[in-house]
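Below: one structure, written as structure tokens.
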4 protein chains.
Amino acid sequence: MPKITETKREERRQQILDAALRCFSRDGFHATTTADIVRESGLSQGALYLYFATKDDIVVALADDRHQGEVFLNALAKSEQDPVQGLLLLIELYGRGLTDQRRIEMRRVGIQGWAEALRNPRIHDSVLQGFSSVRAAIAELIRRGQATGQIRPDVEPDAAARTMIAVFQGLVLQLAWGEDMDLAACGTLIRGMIRNTLFTDAVRAAESA
Amino acid sequence: MPKITETKREERRQQILDAALRCFSRDGFHATTTADIVRESGLSQGALYLYFATKDDIVVALADDRHQGEVFLNALAKSEQDPVQGLLLLIELYGRGLTDQRRIEMRRVGIQGWAEALRNPRIHDSVLQGFSSVRAAIAELIRRGQATGQIRPDVEPDAAARTMIAVFQGLVLQLAWGEDMDLAACGTLIRGMIRNTLFTDAVRAAESA
Amino acid sequence: MPKITETKREERRQQILDAALRCFSRDGFHATTTADIVRESGLSQGALYLYFATKDDIVVALADDRHQGEVFLNALAKSEQDPVQGLLLLIELYGRGLTDQRRIEMRRVGIQGWAEALRNPRIHDSVLQGFSSVRAAIAELIRRGQATGQIRPDVEPDAAARTMIAVFQGLVLQLAWGEDMDLAACGTLIRGMIRNTLFTDAVRAAESA
Amino acid sequence: MPKITETKREERRQQILDAALRCFSRDGFHATTTADIVRESGLSQGALYLYFATKDDIVVALADDRHQGEVFLNALAKSEQDPVQGLLLLIELYGRGLTDQRRIEMRRVGIQGWAEALRNPRIHDSVLQGFSSVRAAIAELIRRGQATGQIRPDVEPDAAARTMIAVFQGLVLQLAWGEDMDLAACGTLIRGMIRNTLFTDAVRAAESA
DNA sequence: TATGAATGAGACTTCATTCAT
DNA sequence: AATGAATGAAGTCTCATTCAT
């Protein structure tokens, strides 16, 4: 029976992860020292190791945490009765996420995770798991749309899902670089691309109406 | 007055960069030690510092090197008389580059450069310079296409350019992660998106013919 | 006024010492952490410090504990009327102790104490006190034997005592190393050496009879 | 081709081992820090790791070094034509070694090696190898002595060798503890024991003559 | 120019001990 | 008395960079 409650424990853990997120966002995984995280979190050097066995575990925990949001969005989209509306909802939500100022740090760390995934197997697994769940959710929506005749049958669901995600990945990257871009115009363009390329003429006609 | 010829010097420099590329691709910038590069290059520890003042300079030099190819592609696309053909050529060339097995290491290092650009100003400048030149080249083609009436006037050239690049960035990333994907299907989809969304009906009709 | 009885307190203390003995035997003093002892004893980290002020005190307490057995053996030997029989009894008892499987851990820790005594004054005092008491007991027996004419007068009691103890120290060491040795043969040899070198011809003749 | 000669390299290595010996003798293996060794050796922290991969390697190297002398003594004893003279020579040499003031530190470290051998397999192997070679050399001398009729046939060579070594181990220990002992008396006693117990009457008679 | 040994600051992690509950 | 979370000093080892040869 732990002396501190599970809630308190989770709170401390989050405190460390928050501090780490800020540090990693600013300096990157490797240039961030455990001392930095300690300083940022207000805990002691030793306390860090009561919650995470190694610095690497903190990185992995952050990568794993990122899935939570994605899982939620996927579930939301899948719950839509109409697959086409589900797709548009997903685009809408991810697009809105792009501009959320509170997630700047998460996105910056996410990008570092992409790079880290190339050489750190644990990060690779974590990042790929998140990616795959989104890809599968989108592909599933597309398949359902094809079944209902709303989405063109010649569209390859998996390739389309990957391509859609790719656009967002690229935009996340460009935004993180501090590029001053017209996100609204990009959004319009992307929605146009999806409509023009995935949806059948009947759906497009109905939408215009 | 250097005792070795400029040619010889450039040769050594390249030898170091080649070794660094292999190391960085395998282990990342930070996990690669100068000793690793020395071992991989066959030079001596001291020799490294005759050609690069710091390890960071090697990273920057590699980032700068990456532009060479992009500059060439952009020039090629711009030299096309017909902007629509120029755009399609660019897509074709970049798409082909995706599958070039000889550039696996460069792409892996490139992704690390994306992340590094978030915190290292010199890398940021280098990466952004390359990115901006491509973006400008594409936007310019789009503007020319709008002038000739081949590309829809409501398309925002810069946003479109960014979005097109974003797709490729995302695909590069997914490929580097080792994903087994149907690149041909992605290519078809992307070309379809471009045609459906950027080109005017007249151009699309002419193409179909 | 302590809330727990003195008996209970002593019980806990012994519980810690037992755990420490197992840990020290396995890993040595220095590689054993207080956390190891806590884990092995089933107590809590804080409880340890209710019974011992420092880790060092545990080591010292274990060293002190070792004397108990020796004190008993010495007393037993001294109580013998016949010094020669006392000597032989001592050899017999110590020799039997060598093969006692229940004391493997004590012997291993004892050897570590020998080394620790070289640098830790408290251990030095503890170990030396135990050693000296045995040495004095043996020397005393020898002196008594010389007084009765059973032991050769040219034997130096203290040197003989040290030498006898030395043999056992060496054998303890070799045994602890896991050496597979013929202890019976060693015993025969040692008894032979004692007889041949310490005892007068009269005693030897009497024994043979 | 190393820049520094093999001689110079060996010199530095020895410089570190000498410093380590002093530190280990004074503070023990575990209480000695690499910083201590660095300070004592006059080298830099990094230099240490050019010659030894880990602190543990230094400990092992010191343990291994100890064999050199033993190998020499064994060879010397074996080269004796007369096994009995060989045995007495060995006792003489080891006994003299006991009082060599220059080897105080080596003996102190050696004792720590005994303890360390109980838990560190590399040290165990190193220490046991040294021990075994001496034991084998003595047992071989005894066997040769039995073949020539100089040593009693009922003596178990291996047990006798172990017992002889045991005496020296115990005396080394007692000396290291700082005990003020009459080594000459011990020597006389030991020689007496060997003569009285191992040698046949013929040999003893010849010696007395 | 070229070598590679040397440097030393600093990183991660452990652990004896304390203290609020 | 008892708990176990918290502390922070200290230890081992790495590595970018320098410098004598």
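A note on names: the letters A, B, ... follow the listed sequences, proteins ahead of strands, and every chain is numbered from 1.
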| Exceeds 12 heavy-atom contacts within 6.0 angstrom, atom CZ of B/Arg26 | yes
| query | Does the side chain of D/Met106 come within less than 4.5 Å of D/Leu21's, by heavy atoms? | reply | yes
| query | Does atom CZ of C/Arg22 have more than 12 heavy-atom neighbours from other groups under 6.0 Å away? | reply | yes
| If we only count heavy atoms from C-beta on, is the C/Ser126 to C/His67 side-chain gap below 4.5 Å? | yes
| request: Supply the atom-to-atom distance D/Ile4 CD1 to D/Arg12 CZ, rounded to the nearest 0.5 angstrom. | output: 7.0 Å
| Roughly, in whole Å, what's the span from OH in B/Tyr51 to C1' in E/dA2? | 9 Å
| field | Positions of residues 7-21 of chain A (non-hydrogen atom under 4.0 Å from DNA chain E), listed by number | value | none
| said: Before you tell me yes or no, could you show the steps for D/Leu43 and D/Val38 under side chain to side chain contact (heavy atoms under 4.5 Å, CB included), namely the whole-Å CA-CA distance, both residues' side-chain angles and the distance that decides it to 0.1 Å? | reply: CA-CA 6 Å; D/Leu43 295 180; D/Val38 162; 5.5 Å; no
| said: Between the side chains of A/Asp125 and A/Arg122, is the shortest nitrogen-to-carboxylate-oxygen separation below 4.0 Å, so that they form an ion pair? | reply: no
| query | So, B/Glu6 and B/Arg13, do they make that salt bridge, N to O below 4.0 Å? | reply | no
| query | Taking CG from B/Leu43 and P from E/dG4, how many angstroms apart are they, rounded to a whole number? | reply | 11 Å
| message | Can you identify which nucleotide, out of F/dG8, E/dT7, E/dA5, has its nearest atom closest to the D/Ala47 side chain? | response | E/dT7
| message | So D/Thr32 and D/Asp27, do their side chains get closer than 4.5 Å, heavy atoms only? | response | yes
| query | Got more than 12 heavy atoms from elsewhere within 6.0 Å of CZ, A/Arg103? | reply | no
| message | Ignoring hydrogens and geometry beyond distance, is a side-chain donor-acceptor pair present between B/His30 and B/Glu116 at under 3.5 Å? | response | yes
| In whole Å, what is the span from the CZ atom of D/Phe29 to the P atom of F/dT12? | 14 Å
| remark: Readout for nucleotides 15-21 of chain F: B = base within 4.0 Å of protein heavy atom, S = sugar-phosphate only, - = neither; 5' to 3' it is SBBB--B
| With a 4.0 Å cut-off on heavy atoms, is D/Phe52 in touch with a base, just the backbone sugar-phosphate, or nothing at all? | nothing
| note | Separation of E/dA11 atom C1' from A/Ile58 atom CD1, nearest Å, is 14 Å
| Among F/dA1, E/dA6, F/dA5, the nucleotide that comes nearest once only the side chain of C/Leu50 is considered | F/dA1
| said: Just to be sure I understand: a Watson-Crick pair is purine N1 to pyrimidine N3 plus N6-O4 or O6-N4, both under 3.5 Å. Using that and G-U wobbles, which stems of three or more pairs involve DNA chain E? | reply: E:2-21 with F:2-21
